[in-house]
Amino acid sequence: TMRPVVMGHRHMISAGHYLASEAGFRILEAGGNAVDAGIAAGIALSVVQSDLVSFAGVAPIMIRMARTKKVITIDGLGVWPKATEPERYFNEFRAIPAGLLRTVVPAAPDAWITALARFGTLSFGQVAESAIRLAREGFAMHPLMAENIETFADGYRRWPANAAIYLPQGRPPKVGERFVQRDLARTLQYMADQEKRAARRGRKAALKAARDAFYRGDIAKAFADYHRKNGGTLTMEDMAAYRVEIGAPEKLRFHGADVYTCGPWCQGP
């Protein structure tokens with residue numbers, strides 16, 4: 001393939017896009033641990049593969065602690081808004097409809113911050129720095145994302161807010177064009193700024209401030225206002241009440257190896 005073999009002797013990271021790997025690598029080089037780096041890469045993926053990975057989406061996480069060998073999972077899977085009517089989906093739609101009515105409470109930010117608070121060492125602002133830059137300044141559109149946006153262009157056009165982001169010139173971006181997501185950059189930066197303001201109260205309080213900015217502050221209000229104006233059901237109460245769950249993974253012995261996966265609530269099995 002003519003690809004160079006990459007070797008290292010300090011640390012390593014692999015992610016679904018090279019810019020996400022670079023984001024994680026920067027954290028490792030700066031002295032962060034593997035959890036810090038994984039979170040940095042995950043948040044970066046929500047920028048450079050935002051057609052597939054949403055910062056306001058889901059983020060199942062599985063972590064194996066090197067010293068204790070213990071494996072834990074963080075579900076990172078949103079729940080339905082309280083006002084959801086299951087009977088309506090069965091009787092009126094006969095399927096989960098497109099649009100806001102298929103929206104669950106955003107889980108990924110809580111999953112990332114929970115992992116960072118329990119197992120990481122750095123701040124949200126530090127691990128989100130690369131993602132903020134990539135969203136604000138843009139990155140070169142890559143073939144997979146360009147193909148996905150073109151394939152689903154009609155879907156993006158159904159909602160002006162989506163079209164403004166993914167069809168910035170009234171068409172799908174071409175490979176190599178700079179792709180910018182300024183609103184996403186502002187969202188991440190706002191969380192980092194709120195964390196920084198609370199830093200004098202300690203790391204735990206600062207991380208909580210970053211989380212509250214999303215689930216209880218202006219970002220939560222923006223979600224709720226948009227849903228109210230456009231027929232959705234998500235409320236600020238839904239956002240404020242949400243918490244990820246930490247638990248044990250499923251485990252199976254297979255040909256001498258222990259295989260771990262998140263539970264049946266995800267795609268792991």
Side-chain angles (χ1 to χ4, degrees), residues 39 42-43 45-47 49-61 74-117 124 128 131 135 152 155-167 181-195 207-246 262 265-267:
I39 294 166
I43 297 175
L45 282 177
S46 69
V47 177
Q49 288 188 327
S50 62
D51 55 320
L52 299 172
V53 182
S54 174
F55 180 71
V58 301
I61 298 172
I74 301 174
D75 63 0
L77 188 70
V79 297
W80 290 99
K82 188 175 180 180
T84 301
E85 301 174 273
E87 296 80 8
R88 187 182 181 196
Y89 287 77
F90 284 111
N91 300 327
E92 182 179 340
F93 303 126
R94 302 297 179 90
I96 299 177
L100 290 179
L101 291 180
R102 67 168 52 196
T103 301
V104 296
V105 179
D110 189 30
W112 296 132
I113 292 174
T114 296
L116 199 58
F124 175 82
F152 298 104
Y156 289 116
R157 290 191 182 96
R158 289 183 62 182
W159 293 279
N162 284 351
I165 299 169
Y166 292 99
L167 308 173
Q181 299 166 92
R182 292 187 180 87
D183 286 342
L184 179 54
R186 281 193 288 268
T187 296
L188 295 168
Q189 186 65 62
Y190 178 71
M191 294 173 67
D193 290 344
Q194 294 301 104
E195 177 189 50
L207 287 170
K208 182 179 183 298
R211 186 194 183 282
D212 285 349
F214 189 93
Y215 286 95
R216 294 175 177 270
D218 291 351
I219 299 171
K221 186 176 185 302
F223 271 106
D225 288 347
Y226 189 86
H227 272 255
R228 186 178 63 254
K229 294 174 183 177
N230 294 277
T233 59
L234 187 68
T235 66
M236 286 194 71
E237 289 73 23
D238 292 318
M239 296 285 287
Y242 180 72
R243 289 291 187 280
V244 295
E245 294 184 1
I246 299 176
C262 292
W265 43 263
C266 82
Q267 297 174 1

Heavy-atom closest pair, residues [X] and [Y]:
{"X": "P106", "Y": "M239", "value": "CD-SD, 3.6 Å"}
{"X": "A59", "Y": "A111", "value": "O-CB, 3.7 Å"}
{"X": "P109", "Y": "A56", "value": "CD-CA, 4.5 Å"}
{"X": "I219", "Y": "Y190", "value": "CD1-CD2, 3.8 Å"}
{"X": "I74", "Y": "W265", "value": "O-CH2, 4.2 Å"}
{"X": "T84", "Y": "P81", "value": "OG1-O, 2.9 Å"}

- Message: Parallel, tilted or perpendicular: which one describes the rings of F55 and F214, with boundaries at 30° and 60°?
- Response: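 If you compare the ring of F55 with that of F214, the planes turn out perpendicular.
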Once rounded to the nearest 0.5 Å, what's the spacing between atom [atom1] of [X] and atom [atom2] of [Y]?
{"X": "K82", "Y": "T233", "atom1": "NZ", "atom2": "OG1", "answer": "12.5 Å"}
{"X": "E195", "Y": "D212", "atom1": "CD", "atom2": "CG", "answer": "12.0 Å"}
{"X": "Q194", "Y": "L207", "atom1": "CD", "atom2": "CG", "answer": "13.5 Å"}
{"X": "I165", "Y": "L184", "atom1": "CD1", "atom2": "CG", "answer": "8.0 Å"}
{"X": "D225", "Y": "N230", "atom1": "CG", "atom2": "CG", "answer": "10.5 Å"}
{"X": "I96", "Y": "F90", "atom1": "CD1", "atom2": "CZ", "answer": "9.0 Å"}

Donor-acceptor pair, side chain of [X] and main chain of [Y], under 3.5 angstrom:
{"X": "Y215", "Y": "M236", "value": "no"}
{"X": "Q181", "Y": "V47", "value": "yes"}
{"X": "D238", "Y": "T235", "value": "yes"}
{"X": "D75", "Y": "V244", "value": "no"}

- Item | All side chain to side chain donor-acceptor pair (under 3.5 Å) counterparts of R102, not counting sequence neighbours |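 Side chain to side chain donor-acceptor pair (under 3.5 Å) list for R102, sorted by chain: empty.
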- side-chain contact (heavy atoms from CB on, under 4.5 Å) evaluation trace for L100 with Y226: CA-CA 9 Å; L100 290 179; Y226 189 86; 4.0 Å; yes
- Message: Looking only at the side chains, is there a donor atom on one of S50 and Y166 sitting less than 3.5 Å from an acceptor on the other?
- Response: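 The criterion, which ignores hydrogens and geometry beyond distance, is satisfied for Y166 and S50.
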- For atom CZ of R157, decide whether the heavy atoms of other residues, nucleotides or ligands shown that lie under 6.0 angstrom number more than 12.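 Yes, enclosed.
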- Verify the neighbour count for atom CZ of F152: are there more than 12 heavy atoms of other residues, nucleotides or ligands below 6.0 Å?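 Incorrect, the count does not exceed 12.
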- Query: Under 4.0 Å between a Lys/Arg side-chain N and an Asp/Glu carboxylate O for D110 and R211?
  - Reply: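 Yes, this pair counts.
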- Can D218 and K221 be counted as an ion pair, charged N to O under 4.0 angstrom?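 The answer is no: the pair does not qualify as a salt bridge.
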- Message: If you apply the rule side-chain contact (heavy atoms from CB on, under 4.5 Å), what do you find for D51 with Y156, and how did you get there?
- Response: CA-CA 10 Å; D51 55 320; Y156 289 116; 3.8 Å; yes
- Verdict with reasoning, I43 to L188, per side-chain contact (heavy atoms from CB on, under 4.5 Å): CA-CA 9 Å; I43 297 175; L188 295 168; 4.2 Å; yes
